[in-house]
Amino acid sequence: MRKTVSIIVPVYNEQENIHILLQEIHSYMKPLPYQYQIVLVDDGSTDGTLAQIQLLTQGDTTLRYLSFSKNFGHQAALKAGLDVCQTDCCISMDGDMQHPPELLPVLLQHREQGNDVVYTIREESTNLPYVKRVTSNLFYDLLNGLSSIELDRGSADFRLLDKKVVQQLKQLQEYDIFFRGLVKWVGFRQIGITYQSRERTRGTSKYTLKKMIRLALQGITSFSIKPLYIATYLGFVFSLLALAFVPYVLYSYYFGKAVSGWTSTIITIAFFGGLQLMILGIIGIYLGKLFMQSKGRPLYIVQQAYLPNEA
Ligand code: UDP
Ligand code: MG
């Protein structure tokens with residue numbers, strides 16, 4: 001029996017890309033001795049993406065899809081794809097052609113060699129906007145510094161996962177999913193390969209600055225509680241500094257200079273006001289996570305699924 005593989009592609013308003021993406025996937029997968037299926041996860045697209053997918057299923061027996069009731073985000077879409085995956089392995093990739101389909105055979109080849117996870121690392125490339133490169137590197141450095149997992153710079157949601165890894169990931173009930181970290185965290189035999197990211201030729205990036213900051217904060221706070229400790233340390237340091245201020249205050253009082261010092265007072269108030277807000281914010285993020293998790297809401301809602309025979 002031929003080995004089976006699912007290719008999971010989250011798509012959010014990618015109507016210009018789907019057609020060409022499928023074409024390319026087919027051209028690289030057809031020659032391989034695998035029985036493959038493509039699972040498109042429509043993350044609540046508001047353009048013609050879903051209609052186009054539905055149309056394409058008529059002429060393409062490898063195509064399956066899930067459609068969300070609204071936009072739940074890229075990570076939720078990935079989770080949904082994994083949840084329905086029952087093949088020997090799964091490959092996840094973006095729907096905008098930035099993850100080159102010519103890598104599909106390479107990923108499978110590494111699995112043949114006994115690896116359970118084949119992840120990809122985007123090479124520094126001038127194809128990417130400068131700001132994206134800088135912010136991306138900053139994010140990985142920060143995350144690695146703060147948490148106990150070691151993520152490669154430029155890790156992407158383009159990877160192959162063996163069935164046994166998928167099995168573990170399916171069981172996770174985390175509200176805030178950050179796959180790049182989780183996949184490292186589960187262990188098993190892993191290997192990373194590098195690739196050159198392509199330019200996005202059609203459509204626009206769905207990761208706005210707001211979504212990127214959110215993902216970065218999510219990633220950091222999902223894998224580390226160090227920011228909470230840092231807040232405590234900062235509190236200590238500043239209390240000590242404040243203590244050192246006491247002799248000066250007493251001196252000023254006895255020598256009649258008590259009213260001067262307005263500037264330093266204002267600066268201190270402003271500085272500590274900001275610091276306290278920031279630390280409250282950090283605590284708030286963790287509290288918010290607990291809150292969302294405790295409600296136990298599903299990560300996504302599927303309004304339509306097309307998964308003929310075994311999914
Ligand atoms: N995406 C999604 N839901 C979202 C945002 C993005 O499913 O809320 C999909 C998008 O269609 C694409 C992939 O996730 O297939 C990566 O998004 P994008 O290319 O916009 O991100 P970038 O490459 O700019 O980081
Ligand atoms: Mg992209």
Side-chain angles (χ1 to χ4, degrees), residues 6-22 24-25 38-53 56 63-84 90-101 103-104 119-140 143 151-159 176-180 195-219 299-304:
S6 302
I7 299 167
I8 299 167
V9 189
V11 284
Y12 176 49
N13 296 346
E14 302 282 5
Q15 60 177 357
E16 300 101 320
N17 284 310
I18 290 178
H19 187 69
I20 181 128
L21 174 81
L22 293 183
E24 282 217 30
I25 293 180
I38 303 168
V39 183
L40 296 175
V41 185
D42 164 38
D43 185 11
S45 298
T46 49
D47 64 353
T49 301
L50 180 60
Q52 211 194 342
I53 296 173
L56 285 166
L63 203 59
R64 317 266 184 276
Y65 70 82
L66 294 173
S67 176
F68 285 177
S69 60
K70 69 165 179 64
N71 181 246
F72 281 94
H74 183 197
Q75 303 292 305
L78 283 173
K79 177 74 165 50
L82 291 180
D83 283 344
V84 299
C90 293
I91 296 175
S92 57
M93 65 190 293
D94 283 0
D96 59 355
M97 305 295 295
Q98 284 190 302
H99 295 162
L103 236 64
L104 293 172
Y119 60 90
T120 62
I121 303 157
R122 185 180 64 210
E123 255 171 31
E124 281 278 306
S125 99
T126 40
N127 283 347
L128 285 175
Y130 177 74
V131 183
K132 184 110 192 172
R133 268 181 290 157
V134 172
T135 49
S136 159
N137 286 343
L138 186 75
F139 165 66
Y140 286 108
L143 181 63
L151 273 192
D152 295 283
R153 272 179 169 200
S155 299
D157 284 309
F158 180 26
R159 65 177 82 81
D176 248 343
I177 286 207
F178 180 64
F179 272 109
R180 280 165 235 184
Y195 72 98
Q196 286 277 340
S197 175
R198 289 201 204 161
E199 221 162 319
R200 195 188 234 282
T201 44
R202 286 168 221 84
T204 50
S205 171
K206 306 303 176 307
Y207 267 97
T208 52
L209 185 66
K210 200 171 132 197
K211 272 194 183 176
M212 267 196 303
I213 293 175
R214 212 187 121 88
L215 183 74
L217 281 178
Q218 238 174 41
L299 210 60
Y300 55 84
I301 297 171
V302 175
Q303 64 160 355
Q304 221 184 96

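We count ligands from 1, going down the list as the structure has it; atoms in each ligand are counted the same way. These figures come from a predicted structure and were not determined experimentally.
Among protein heavy atoms, atom 18 (P) of ligand 1 sits closest to R200 NH2, 3.6 Å. Looking from atom 17 (O) of ligand 1 to the surrounding protein, the closest heavy atom is Y207 CD1, 3.8 Å. Looking from atom 6 (C) of ligand 1 to the surrounding protein, the closest heavy atom is K206 CB, 3.6 Å. Here the heavy atom of the protein found nearest to atom 11 (O) of ligand 1 is E14 OE2, 2.7 Å. The protein heavy-atom contact nearest to atom 9 (C) of ligand 1 is P10 O, 3.8 Å. Summary of contacts: the protein heavy atom closest to atom 19 (O) of ligand 1 is D96 OD2, 2.5 Å. Closest protein heavy atom to atom 22 (P) of ligand 1: K132 NZ, 3.6 Å. Atom 8 (O) of ligand 1 has K211 NZ, 2.7 Å as its closest protein atom, hydrogens excluded (heavy atom only).
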Exercise. Step by step, would you call N71 with Y12 a side chain to side chain contact (heavy atoms under 4.5 Å, CB included)?
Worked result: CA-CA 8 Å; N71 181 246; Y12 176 49; 3.5 Å; yes
For this session: Show your reasoning for whether side chain to side chain donor-acceptor pair (under 3.5 Å) applies to D157 and Q75.
Result: CA-CA 9 Å; D157 284 309; Q75 303 292 305; 3.0 Å; yes
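For atom 13 (C) of ligand 1, the nearest non-hydrogen atom from the set T49, D43, D94 comes from D94.
The cationic atom of K70 (NZ for Lys, CZ for Arg) does not lie both less than 6.0 Å from the six-membered ring centre of F68 and within 45° of the ring axis.
Summarising the geometry of I25 relative to M93, their closest heavy-atom pair is CD1-SD, 4.2 Å, with the distance given to 0.1 Å. Shown here for L299 and A76, the closest heavy-atom pair between the two residues is O-CB, 3.7 Å. The shortest non-hydrogen separation linking L21 to G95 is CD2-CA, 4.0 Å.
Under a 4.0 Å criterion applied to the non-hydrogen atoms of G73, ligand 1 contributes the atoms 3 (N), 8 (O). Which parts of ligand 1 touch N71 is read off a 4.0 Å heavy-atom cut-off, strictly below it: atoms 3 (N), 4 (C), 8 (O).
Residues passing the side chain to side chain contact (heavy atoms under 4.5 Å, CB included) test with D47 are N13, Q15, S45, T49, sequence neighbours excluded. By the salt bridge (charged side-chain N to carboxylate O under 4.0 Å, His left out) test, D96 is found to be paired with R200, residues two or more places apart in sequence or in another chain being considered. Under the salt bridge (charged side-chain N to carboxylate O under 4.0 Å, His left out) criterion, D83 pairs with K79, sequence neighbours left out.
Looking at G95 next to ligand 1, an N or O pair under 3.5 Å apart turns up.
Between F158 and Y195, the ring-plane angle classifies as perpendicular under the 30° and 60° cut-offs.
Among protein atoms, those of element N, O or S found less than 2.8 Å away from the Mg ion (ligand 2) are D96 OD2, Q98 OE1.
Within the 4.5 Å cutoff, the side chain of F72 has heavy atoms near those of the I301 side chain.
Of the residues L66, L22, V41, L40, the one that meets the side chain to side chain contact (heavy atoms under 4.5 Å, CB included) test with I53 is L40.
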